[in-house]
Every structure is written in structure tokens, then in C-alpha cells.
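Every chain is numbered from 1 and lettered A, B, ... according to where its sequence line falls, protein lines coming before strand lines.
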Protein chains: 2
Amino acid sequence: MSLVDGQYNGVPLSWLFPEEKQGWTGYVEWEKSPDKKRVANGILKSQKFSPIPEFQDGPLPKTNPILIGHRWKEYHAALGLKSIVEFSWKTVLKEKHDMLHVLDFPYNGETLPKYILGDGKITQNKHFFVRNHGGIPDIDPECFELEIGGLVKTPVRIPLKDLKDPSKFPQISITATLQCSGTRRREQIDEYPGDGDELINAPWGEGAIGTAVWRGVPLKKVLKIACGGVLPECQHLEFVGADTYFKKYEVYNYAVSVPWRKVRQSEEVLLAWEMNGEPLPKIHGAPLRVVVAGYIGARSCKWVCRINALAEPSFGPVQRQEYLYYNQQIGKHNVLISNGFSIQAMPVSSAILSPKTKDVVIHDGSIELKGWAYSGNGNWVERVEVSPDGGHVWYPVAQEDMTQKHYYAWRLWKIEVPVDAEGWLEFCVRTWDSSNNTEPTYVRSAWNWDLHVTSSAHRIKIYSVNRSKPRTAMRLKQLEDMGESLEPISKPLEFTLEKFEDYEAASQKYPREPRD
Amino acid sequence: MSLVDGQYNGVPLSWLFPEEKQGWTGYVEWEKSPDKKRVANGILKSQKFSPIPEFQDGPLPKTNPILIGHRWKEYHAALGLKSIVEFSWKTVLKEKHDMLHVLDFPYNGETLPKYILGDGKITQNKHFFVRNHGGIPDIDPECFELEIGGLVKTPVRIPLKDLKDPSKFPQISITATLQCSGTRRREQIDEYPGDGDELINAPWGEGAIGTAVWRGVPLKKVLKIACGGVLPECQHLEFVGADTYFKKYEVYNYAVSVPWRKVRQSEEVLLAWEMNGEPLPKIHGAPLRVVVAGYIGARSCKWVCRINALAEPSFGPVQRQEYLYYNQQIGKHNVLISNGFSIQAMPVSSAILSPKTKDVVIHDGSIELKGWAYSGNGNWVERVEVSPDGGHVWYPVAQEDMTQKHYYAWRLWKIEVPVDAEGWLEFCVRTWDSSNNTEPTYVRSAWNWDLHVTSSAHRIKIYSVNRSKPRTAMRLKQLEDMGESLEPISKPLEFTLEKFEDYEAASQKYPREPRD
């Protein structure tokens, strides 16, 4: 077998893996084409690809993008799909603004805290985090149709324009937070390195979460109106995306599923084409995506082109082999697929966005903190508490300092915490949801091999400088007079700390050793 | 004022700062020469020197030497003392073997754990840690004399050969541990950055400690026999070294002091010329050094050439402005010299030397740990305890697994700890001394601005792989069969984790969602 100049055994790759449908650029159908899949897998297994980069051992590069997805690009190139890679990055540049690019391909980018706090409870589309698992397809909405099959009374194909016709399907809007289960993963990595992944499990900070108003039709209504309902054996609804996914040198379409029981709650599983009153951006799944409120973001399948009613969860690797949650003692020495449970509904969690860890904060006896708090599955945020001392004293955020309650959305919060102490302090936040769930105390309390669900109380280190203390005020004045800066605090001062007379008087009055 | 080609205002530096005495190469007398000091300080204040390197923000360079002492070298060069820098590094290469060079000049090097554990309770001279504050002088023992003055009945000068004459002064040997109060500083830096210093406060690991048999004469006896004793006002004995020290662009000889009360305990303060049965190496203070048993290493003045009996502690900057211990809330915003207390006697502390943090340990249900335990000031180590679970369960080290008790020396220990659990575990050690002192629980419990005295329970992260577990044994076999390695653990496995039939059976038997 040989792969030379875009030809495989003399056959152009574009013949082997053609675009399936008129107007559906960047879409290859794998799941329905076992022969094509077999050839592609053969090609992948015959090639060498770049090693998976090791980024857990040291600090992350200070570049933006932070990580480069060489391997995933090479997988695409090996199948003649390089144009998907190029279109994807072009789309990032067009649709996104000022993101922290955690991984360039598949594109993963997080919202900077200033946009979360500045935008209010709704995250603007251009700032909304992205966790893609493959390239971005480019599908003409005019040509788009959704296929529904499996355990339904009547399999159908619905053109997008019919789906969007309010006389055919009732439309609703929901305010829902989407969150990657990798949010705050860096805290787990800092504690202990965990599993690597060929699709880089991005080292997320606190910004892999966002809230939008999504508009579309409830999947439940579409199943009922278009298909006459699901058959009694139906337990899960599978969503198949138009993007291409890889797992251990095999190729797939992205596929995940959610329980029928979840879909039956009309307002929870939406087929959406509008985000914050604007057409859904391509990077977020245009022309059509699923929004599964209260669940891990991975279930909200983008570029959804097929829905299958199944008797059990999807066998897509993302559903069965990824996003698993293990017992803490599980790792490379013993991990099995069947000993992790699938992450679906998201737990209560929160984060401090301002100040940032290691900040030097000059204040007059109190410090303002801001952040987000969220709980999944219809549990809403009831109370947010902030501790200025590592988790001993907890101050509650006032109701008026939190954004409004939603069943499926976060609350942004702020609080002014009295702070007397100076030097290095450890602040943390925890949230109580409407079912009285709260967060684990430490990262270690819930560390997990795949580094998912960092929901422990978020901790930051602040160097507190309390200007209301006379000695501190004096030092700040000294620094100003000498033209020296307080930061970086680890830079030693050029001037002598104390007048000799003062020092001498103190050491005479309180000598180092007892008198007798 | 101009400094050109080794000339200062046209006068060669070698005329300004000559070597004082025949056979005393690399020694300049500063403390008795205020005029010379003034000229030198003028030169220093007129120059620009390299900035102090920032090493607290990221991981340390993987080089050896880790840090380069540009600034201290430039201070020496500015005073025409570059030859001291050169002689010092030559001496390192000659007298030391296989050290972790933490800072090249002034030389700071730590003993590798393998030599601590391999050498038994005595650390070989060539492996013994070094914390120098200046360059190494090269003094001919034939020419050396010790001057004793201040509040003594009769000031004297004693040639080294007289001091070593057992008919004149009684000799003793003591087994004593010396420890830099910066030992394990890296743990404090990892927690929060602290003060920088123009003499780089070296980022020590667990090896800035060692034990030797020191031979010499008790200072008490010398004071009595040679000087007729000290005057009643004497409270401290000051030791002046032949090395040159700098503080905020001023020049000094190294000078420190210890209480007369301490010196009165004959076996505690020694003037030593022999280390482990060999002549004292130059790098350790030849021809003569002080050994202050149970105290911070900084008081065991090397190249001691003058001893002054004083009514109060030495005004040397090392004594008064360095090695201070602060309240935890003290930092750059408010630190004064007088609000730190001088570190003298060392507290109880211990360290795990094997395994190392982040090691993957494959075992059959128990793991052997080894390390050191020490307490200062004549308190000896009574009990060492190791926890395999972060500090909940504590296993005591058996007496037969510790080296013998000494009043002034560490005990090396080992223990086999039962370990069932797998994955990331946190081990820690703590020690109880003969006064029932033990160690703070966490680094945070006793973090300090100057990053001294890291005596909290030493914690390491171990990735436990328990081969006696069937599933683990199976995975190890799988890895062997596939020619894959378990390490690095963060590298994903190339093979599928589980046979499809096994996975499918498990997911049928225990489905993700309830039946009703």
C-alpha cells in the first residue's frame, strides 16, 4: 500500500473519499460506508504520525495558540481532507475575536474572563468558548436536510427550511449554559499528570463555559410531528455530526447520544439554528446543532445531520470511550472503558475570574471578587460562598450581586470580602445548588485520570497589600519616593528596610535571647 | 570617579585592596579598614550590575549549575578580586564530586540523595553540601593565625600549629549535622514566590544537609586557656571569616555570632580543622572553621580568622539582616529587619529521599521509603512516621531501621509501608524529637517571606502500580506483549483498552441509566 502525491495505490484520494452531497463541503459520510471506512483505516494504520505532544510535565507555552494539533491535521491530510483544516482556521479568524486559543486544530478556544464578566450573563457569540472534535464543515443551508431514523415510527428527511417553518414546528428559546467537562482541567494537571489523548484533551482554564439564548425546535416535537414518535424500545437518541473524528487510527463521524427520557423534557433538547438572536455561527455548528441543556457540552452535537433512535447509547467513541469518569485509583495501569461512567449531566461548580491567581492586590481592607457559578441538569444556583482563608470562613454572595436564576444557566456573581490579613492568602469559592449539592473541597478530593470535571472549590492565591495598615502605607510611600515598584514582589528592594536607630532601639528593647 | 582597566581614578585596584597577609591569598580585611571600605562602597555604588535573576516564576533550568551568580562575580571583579572567583570554581572541581550545583558563585551545591542514603549516617566530604556566601580564600596553614579580641581578659593571636597542639588545647570529635536553613526551600517557592536576594537565596531541595565527624578544640577551652576567659559583659561570640560579603552595594567580611551561653557547652561550639578524619577541605573552611552543633549552618563560620567577644549579637548583615524568620503575613509591603527573629537553633524536620516525587512505583503491596530526620539544639530524633495517605494514617519507623541516636546528628531511616491503593498517592513524613516537637502539617502552615526553614511534613506524589492486583498484572502483561511502556503514564496507549465483548457485556449488565 502506498500513499503518494494525494494518490493511494494510484487512486486519487478525492475519488476514494469524495464529498457526499451537493453544497456539503468538508463532509464525508463514514458511518454508512463501511467499505470506505475500511480503506481509510488501512491508510491511517499504514502511516506514521507526529507524536502526541507532552504538555503536562511543565508550564504551558506562552504562545497563542498554546498547542498545535499536528496529529489531527496529519490524519486529515492522509485522507486528502487538508482543505477542512484550512477552512477551519479561516473560520476561527472570521467568527472569533480575542480568544485564548488552547488548541488550533481541532479548534479549542476559551473565553477570556474579561468577556465573561463584561458581557453579563450572556456570552457574545464571538467570545463564546469552542471545543471542537474535528474540522468545521461548510454546509449550504439551502441544501441542508436532517435525516431521522432508527427506532421511530416513520424515518424522515427534513429540509432545514421546513424545520425552521413555525407553521410546521413550534419554536422556543432557552437560556442555557454549555460547559466542557474539561473546564478548569489545568488545576488537575497541576496536581498530577493524567491521561494524554490523541485528540489533545485541552488544558482548559476557567473559560470553557458560556451562556447563550438558543432558538430552535424541541427535538421531542420534531420526533412527534415528523416521525409520529419513537418506538417503545427507544432509549437513546443518537446525534451524528458532519465532522470527521478519529480514534486509534480509525475514522468516524462524530456521534453521541442522550436518553429519550431527557429528550421528553421539551425545553431541554433543542435543534437550534440561532444563538443570541443571530444565525448560528459555523464554528458553533451551523446550519444546525443540538443543544442539550444541563449536560456536558459534548452532547450538544454540532453540524448534526442525522438522528437515530436507539435501544442503547450510541457506540460512537466519544459516547462510549471518551468523557468517562473513573474512580480516583484508576489509571494507565488498570483503566478499562467499562469502569468509567459516561459524563452526562454536569455537577455544581464555580470559579473566581477576578482577581487572577498570583495577583498582587492593593486594597483598603476589602477585596472584590467576581466569577461564575453553575449547576447542570435543571438544578439552579442557590448560594455562592467565598472564603478568604482557604475554606474556614465563608461569606455568602448577596442575591442582588448575582445574575438572575435560570433552570439551565449559570449565575455570575460578585462580592466584596473583608480582608484584614496581608501577604499570601488563599481565596476559594463554592456553590450550593437547588438540590443542596456543593463542591468537593480540594482538587485532590476528586482528581480523575481523564482530567474531567474539575468541580472542586476553585482556589486562587492572592498577595494582599492592605493600604489601611500604617506600616504598609509607609512602605508604599517609600517605594513611591524611591521610584521603585512593589512588583514583582520577588525582586529585592534596593533600599535598606529600616533606619539603623529604629532597628537598634527595637533590638535593645526586645533582645533575641532571654536575660536569664 | 572612573573605573577603567583595573584602575580606579588612575590607581590600580590591587593597590587599593591588596592582600593583607603573607600566604593569605583571596583575603581582604574590610572590617578593620573603614577607609578602604568607603572607597570600595563608592566604587560599588557607581557601577551597574546584572539584574538579580528571577527564578521563582517558572521551573528551574535543567542545567548544572542551575543558576549562575553573575552579580556576585561582578561585585568581585569591580574590586579587582576576580581571581577569587576563578579560584573558587577550581576548588569546586577539585574537592567536590557529582553535586547538584545550585549556584556556581558563591558556590552552593547540594548532596544527591543517593550519596546521603549510600554513605550511611556520615556524608563523605566530596559529597557534603556547600552553602558559601563569598569566594573561597586560599590560606597557607603555616601562615594562619587566629585572632581573639573584644570582651576577653587577654586578646591573643594563636598560630594554627599551637591551636592544633594537644598539649596546649584539648581536642574533641563531635558527630554533627549541618543544615542550611534554606533546605527544601523549593517547596515554599512552589507554594508562593517570596523574597529574592542579591546573594541568590538558592532554590534548595532536600540535600542541603549533611553529617560529619568534626575534630578540633572547643571554643570555650580556647577562650579560657588562651584568653583567661571572657569579661562578664560578654553575651555573644562573633566569628569573622576571611571571605568577602556584599549587601546593598557595601562590602564586608562575613561575620556572624552565637550566644556565650551556647559556647559554654564545650561540645557544641568547635574550632575545627578535620572533617571525617581528613584535613578540612578548602571549600569547607580550611584552614579553620567554626562548627556550631545544632544551629543553622550559617553560624559555622568558614575560614574563621577573628573571634570577638561582644555584649550583643554581631552587626554583620548575615547575623542581623539575613536568616530572619517572620510572621507569615510579613512581606515586601511591610517587612522590617526588626520584625524577623534570627534563626539560630534548628527545628525538627525530615525528608523522604526515595522514591522521588512523581515516580511511578511498581510494587507487590508495599513500598520502601527512605530519608533523613533531624532536630537541632541537642534535641535528638525519637520517632519518624510515614503516611501513605496524605497524613491520615501514620506508620512508625522501627528503631532498627534508623541509624543511631546522636545529640547533634540526624538519623537516616527506612520503612516498608503497606500500600494497597493504586494511582496517585500522597506520602508524607513527620518526625517527633526528644522534646516532643513535631513538624507543621503543610508548607502553607509555615510559609515564610524569606523562604527559610521549610520544616513542614515533607510530601511526595507517587504513582502506585500494585502488581498483586489481577487487573494491573494483566495490563502490565498487555504492555509487555505490545512492546509498549507504562511510562510516561501520560502517554496514551496505542491499543484498545478492552475487548468489545467484555465491554458490551458489562454495559448490558450495568447500564448507564436506571430502568425506571
Side-chain angles (χ1 to χ4, degrees), chain A residues 52 54 56-59 192-198 235 248 259 261 312-313 320 328-338 341-342 344 390 421-424 426 444 447 449 461 463 465 469 471-472 475-476 486 488-498 502-503 506-507 511-513, chain B residues 52 54 56-59 192-198 235 248 259 261 312-313 320 328-338 341-342 344 390 421-424 426 444 447 449 461 463 465 469 471-472 475-476 486 488-498 502-503 506-507 511-513:
Chain A
I52 296 152
E54 182 47 74
Q56 294 193 56
D57 279 348
Y192 314 105
D195 194 21
D197 195 282
E198 53 184 332
Q235 290 291 334
K248 296 194 195 294
R261 191 181 169 91
E312 62 178 325
R320 296 268 183 158
Q328 186 157 309
Q329 265 42 67
I330 294 292
K332 193 169 183 177
H333 56 287
N334 63 359
V335 63
L336 299 177
I337 304 163
S338 62
F341 69 81
S342 180
Q344 299 270 57
E422 298 190 275
W424 284 114
E426 190 156 322
R444 164 81 211 185
W447 186 89
W449 172 240
K461 296 168 180 184
Y463 191 86
V465 178
K469 303 257 181 190
R471 196 187 284 163
T472 300
R475 176 60 45 85
L476 291 173
L486 182 66
I489 57 153
S490 52
K491 184 173 176 290
L493 290 168
E494 297 275 352
F495 56 80
T496 301
L497 295 172
E498 195 170 9
D502 294 347
Y503 166 71
S507 66
R512 173 67 173 86
E513 285 102 26
Chain B
I52 297 152
E54 182 47 74
Q56 295 193 55
D57 279 348
Y192 314 106
D195 194 22
D197 196 282
E198 52 183 334
Q235 290 291 334
K248 296 195 194 294
R261 191 180 170 92
E312 61 178 325
R320 296 269 183 155
Q328 185 157 310
Q329 264 44 65
I330 294 292
K332 193 170 184 177
H333 55 288
N334 63 359
V335 64
L336 300 177
I337 304 163
S338 62
F341 69 81
S342 179
Q344 299 271 58
E422 299 190 276
W424 283 114
E426 189 157 322
R444 165 82 211 185
W447 187 88
W449 172 240
K461 295 167 180 185
Y463 191 86
V465 178
K469 304 258 181 188
R471 196 187 286 163
T472 300
R475 176 60 44 85
L476 292 173
L486 183 65
I489 56 152
S490 53
K491 184 174 177 288
L493 290 167
E494 298 274 355
F495 56 80
T496 301
L497 295 171
E498 195 169 8
D502 295 346
Y503 166 72
S507 66
R512 173 66 173 86
E513 285 100 29

### Query
B:Ile52 versus chain A, heavy atoms under 4.5 Å apart: side chain, backbone, both or neither?
side chain

### Query
Taking the inter-plane angle between the rings of B:Tyr463 and A:Trp449 on a 0 to 90° scale, is it parallel (under 30°), tilted (30 to 60°) or perpendicular (over 60°)?
tilted

### Query
Is chain B contacted by the side chain of A:Gln56, its backbone, both, or neither, given a heavy-atom distance below 4.5 Å?
side chain

### Query
B:Lys332 side chain to A:Leu493 main-chain N or O, any donor-acceptor pair under 3.5 Å?
no

### Message
If you count heavy-atom pairs within less than 4.5 Å of chain B, which of A:Glu198, A:Arg444, A:Lys469, A:Glu426 leads?
### Response
A:Arg444

#### Entry: Side chain, backbone, both or neither of A:Arg261 within contact of chain B (heavy atoms, under 4.5 Å)
neither

### Task
Determine the option with the most heavy-atom pairs under 4.5 angstrom with chain B, choosing from A:Gly390, A:Ser342, A:Pro313, A:Ala506.
A:Ser342

### Query
Given the options A:Asp197, A:Leu486, A:Asp57, A:Val465, which has more heavy-atom pairs under 4.5 Å with chain B than any of the others?
A:Leu486

### Query
Of the backbone (N, CA, C, O) and the side chain (C-beta and beyond), which part of A:Gln235 lies under 4.5 Å from a heavy atom of chain B, both, or neither?
neither

### Query
Which value, rounded to the nearest 0.5 Å, describes the distance between B:Asp502 atom CG and A:Ile337 atom CD1?
10.0 Å

### Query
Based on non-hydrogen pairs under 4.5 Å, which of A:Ser490, A:Gly331, A:Pro511 is most in contact with chain B?
A:Ser490

### Message
Looking at A:Gln329 and B:Glu422, would you say the former's side chain and the latter's main chain have a donor-acceptor pair under 3.5 Å?
### Response
yes

### Query
If you round to the nearest 0.5 Å, how far is OG1 of B:Thr472 from CG of A:Asn334?
4.5 Å

### Query
So which part of A:Phe495 gets closer than 4.5 Å to some heavy atom of chain B, the side chain, the backbone, both or neither?
backbone

### Task
Calculate, to the nearest 0.5 Å, the distance between atoms CD1 and NE2 belonging to B:Ile489 and A:His333 respectively.
9.0 Å

### Query
For A:Ser507, is it the side chain, the backbone, both or neither that has a heavy atom under 4.5 Å from a heavy atom of chain B?
side chain

### Query
For A:Asp195, is it the side chain, the backbone, both or neither that has a heavy atom under 4.5 Å from a heavy atom of chain B?
both

### Query
Which region of A:Arg512, side chain (C-beta onward) or backbone (N, CA, C, O), has a non-hydrogen atom less than 4.5 Å from a non-hydrogen atom of chain B, or is it both or neither?
side chain

## Note on the structure
Here the gap from B:Gln328 atom CD to A:Trp424 atom CH2, rounded to the nearest 0.5 Å, amounts to 12.0 Å

#### Entry: With sequence neighbours excluded, residues passing side chain to side chain donor-acceptor pair (under 3.5 Å) with B:Lys491
none

### Task
Indicate yes or no: does B:Glu498 engage A:Arg320 in a salt bridge with an N to O separation below 4.0 Å.
no

## Note on the structure
The interface call for A:Glu494 against chain B, heavy-atom contacts under 4.5 Å, is both

